[in-house]
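Right, one structure below, let's go through it.
Treat the numbers as computed from the prediction; the structure is a model and nothing was measured. The first residue of the sequence shown is numbered 1, and numbering continues consecutively from there.
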Amino acid sequence: MNRTAIHARPAPAGRIAYVDGRYLPHGSATVHVEDRGLQFADSIYEVCAVLDGRLMDEEGHLDRLERSLAALDMKMPLARAPLRIVMREMIRRNRMRDGLLYLQVTRGAHRRDHPFPKTYRSTLIMTSRSVNMAAVEKRRTDGIAVVTLPDIRWGRCDIKATGLLPNVMAKSQARKLGAFEAWLVDRDNFITEGTSTNAWIVTGEGVLVTRKLSHNILAGVTRLGVLASLAQEGFNAIEERAFTVEEAYAAREAFMTSASGGVIPVVSIDGQIIGDGSPGTATKRIHALYSQFARAAAGASRRTAASA
């Protein structure tokens with residue numbers, strides 16, 4: 001096979017990426033072959049939703065980015081003010097109205113060796129893509145199916161690192177089984193979270209349950225926004241605790257949260273119908289409250305960035 005054929009895979013047309021201070025056509029954006037993000041997954045990432053051209057939950061994502069970097073003894077590549085400028089420039093250059101903005105920070109290029117290098121220069125990468133909002137809204141209207149699979153991930157799932165192979169394997173298995181998402185189950189038969197989502201149920205008594213934050217799950221930014229929007233509404237029938245697979249089967253309602261989808265109803269788990277098999281009233285109300293809360297926060301964040 002000739003060299004030209006090896007590199008003939010088409011890149012997404014018209015998209016702009018950012019790599020270390022340079023805005024580049026998507027197909028021309030590269031990192032060093034010995035970048036530690038590539039060789040060791042020694043890197044952190046964030047995914048921010050963009051709706052109507054505005055970043056959703058921006059402060060929460062930047063807070064978590066800083067926490068994850070600190071957990072790996074890694075520095076922020078830019079201060080928040082210039083980082084916000086780059087994020088908005090990416091939205092502008094890609095003419096993005098509804099989509100996702102992806103950020104990744106690696107420990108940079110260094111001679112391959114397992115220990116963290118004493119000195120390094122971080123690599124900052126950003127990409128973006130539009131999202132088919134009609135497909136998202138269809139999932140919200142119809143609900144989605146979930147399967148449960150063993151949680152085989154590492155012990156620091158609270159760090160948003162790029163080493164996602166167990167998540168990828170579980171998500172791929174879920175799709176093979178005809179489900180949209182997999183909820184992961186620990187050794188004690190408790191659900192931790194989804195491969196890229198946080199898991200929630202509404203009990204028969206109307207109590208909202210989601211797993212308490214720990215090293216076992218990611219502190220979802222949308223999860224935090226849902227809790228904040230409910231607190232603002234004065235809703236306090238919430239328990240942050242582990243729940244079993246059997247509790248999930250018996251739930252009145254279930255849903256998942258993520259930056260890419262917001263609040264999405266779950267209508268079946270392992271083929272077991274949840275409630276009456278359609279999105280429940282509580283889930284719909286929670287989505288409405290969160291959406292209103294997030295959009296208001298996005299407006300405030302845009303004003304802050306403009307005045308910085």
Checklist line | SG on C48 to CD1 on I91, rounded to 0.5 Å | finding: 8.5 Å
Next item on the list: Report whether I238 and I191 are members of the same hydrophobic cluster (ILVMFWY, side-chain heavy atoms less than 4.5 Å apart, transitive linking).
Entry: no
Note to self: Between R64 and E46, is the salt bridge (charged side-chain N to carboxylate O under 4.0 Å, His left out) condition met? List the steps.
What the structure shows: CA-CA 8 Å; R64 187 173 62 185; E46 280 293 334; 2.7 Å; yes
Next item on the list: Please examine the side chains of E181 and M256, heavy atoms only from C-beta on, and report whether any two atoms are closer than 4.5 Å.
Entry: yes
Margin query: Could you check whether any side-chain heavy atom of Q272 comes within less than 4.5 Å of a side-chain heavy atom of S268, counting everything from C-beta outward?
Written below: no
Check: Is there a side-chain contact between F40 and R112, using heavy atoms and a 4.5 Å cut-off?
Finding: yes
Note to self: Once rounded to the nearest 0.5 Å, what's the spacing between atom OG of S196 and atom NZ of K171?
What the structure shows: 3.0 Å
Item checked: Neighbour count >12 (heavy atoms, 6.0 Å) for atom CD, Q292 -> no
Notebook entry, point to check: With a 4.5 Å heavy-atom cut-off, do P279 and V267 have their side chains touching?
Noted result: yes
Check: Should the pair D52-R295 be classified as a salt bridge under the 4.0 Å nitrogen-to-oxygen rule?
Finding: yes
Next item on the list: Assess R93 against Y23: is NZ or CZ under 6.0 Å from the centre of the six-membered ring, and within 45 degrees of the ring's axis?
Entry: yes
Notebook entry, point to check: Where is the tightest heavy-atom contact between R67 and A219, given as atom of each residue plus distance?
Noted result: NH2-CB, 4.1 Å
Next item on the list: Would you name the heavy atoms of V19 and T30 that are closest together and state the gap between them?
Entry: CG1-O, 3.6 Å
Notebook entry, point to check: V263 versus T283: any side-chain heavy-atom pair under 4.5 Å?
Noted result: yes
Checklist line | Expected output: side-chain N132 to main-chain A134 donor-acceptor under 3.5 Å | finding: yes
Notebook entry, point to check: When clusters are formed by joining ILVMFWY residues with side-chain heavy atoms under 4.5 Å apart, either directly or through shared neighbours, do Y102 and V105 land in the same one?
Noted result: no
Item checked: Trace of the side-chain contact (heavy atoms from CB on, under 4.5 Å) decision for C157 with I217 -> CA-CA 5 Å; C157 297; I217 71 167; 5.6 Å; no
Margin query: Using a 3.5 Å distance criterion without hydrogens, assess whether the side chain of Y290 forms a donor-acceptor pair with backbone atoms of F293.
Written below: no
Checklist line | Donor-acceptor under 3.5 Å (D186 side chain, D188 main chain) | finding: yes
Checklist line | Inter-residue atom distance Q39.CD - D35.CG, 0.5 Å rounding | finding: 8.5 Å
Check: Side chains of T106 and L124: closer than 4.5 Å at any heavy-atom pair?
Finding: no
Check: So, F190 versus F243, ring centres under 6.0 angstrom or not?
Finding: no
Checklist line | Heavy-atom closest contact (D158 atom, L218 atom, distance) | finding: O-CD1, 3.6 Å
Margin query: Under a 3.5 Å distance rule, please check whether N167 uses its side chain to pair with a backbone N or O of T195 as donor and acceptor.
Written below: yes
Notebook entry, point to check: With side chains defined as the heavy atoms from C-beta onward, is the minimum distance between V131 and V50 less than 4.5 Å?
Noted result: no
Check: Are any side-chain N or O atoms of N94 and backbone N or O atoms of I16, one a donor and one an acceptor, separated by less than 3.5 Å?
Finding: yes
Notebook entry, point to check: What's the spacing between M76 CE and L62 CG if we round to 0.5 Å?
Noted result: 6.0 Å
Next item on the list: Please check if the side chain of S68 supplies one atom and the backbone of L65 the other of a donor-acceptor pair under 3.5 Å.
Entry: no
Notebook entry, point to check: What closest approach, in Å, do G163 and P166 show between heavy atoms, and which atom pair accounts for it?
Noted result: O-CD, 4.3 Å
Checklist line | Hydrophobic cluster membership, V245 vs V202, 4.5 Å side-chain cutoff | finding: no
Margin query: With a 3.5 Å distance limit and no angle check, can you tell me whether T222 reaches the backbone of T257 through a side-chain donor-acceptor pair?
Written below: no
Item checked: Single hit among R211, R241, R252 for salt bridge (charged side-chain N to carboxylate O under 4.0 Å, His left out) with E247 -> R241
Next item on the list: Would you verify whether the NZ or CZ of K75 falls within 45 degrees of the ring axis of Y120 while also being under 6.0 Å from that six-membered ring's centre?
Entry: yes
Note to self: If the threshold is 4.0 Å, N to carboxylate O, is there a salt bridge linking E89 and R84?
What the structure shows: no
Next item on the list: Would you check if the side chain of R97 reaches a backbone N or O of R54 as a donor-acceptor pair within less than 3.5 Å?
Entry: no
Note to self: In the structure I gave you, are the side-chain heavy atoms of I274 and I269 within less than 4.5 Å of one another anywhere?
What the structure shows: yes
Next item on the list: Grab the two heavy atoms, one from F116 and one from L72, that are nearest each other, plus how far apart they are.
Entry: CE1-O, 3.6 Å
Notebook entry, point to check: Nearest 0.5 Å, what's the CG-CZ distance between L289 and F235?
Noted result: 10.0 Å
Item checked: For the student: nearest non-hydrogen atoms of N216 and R153, plus distance -> O-NH2, 3.3 Å
Check: Within 45° of the six-membered ring axis of F180 and under 6.0 Å from that ring's centre, is NZ or CZ of R175 located there?
Finding: yes
Notebook entry, point to check: Do other residues, nucleotides or ligands put more than 12 heavy atoms under 6.0 Å from R156 CZ?
Noted result: yes
Margin query: Donor-acceptor check, side chain of T141 to backbone of E137, threshold 3.5 angstrom: yes or no?
Written below: yes
Notebook entry, point to check: Does E66 come within less than 4.0 Å of R80, counting only side-chain N to carboxylate O?
Noted result: yes
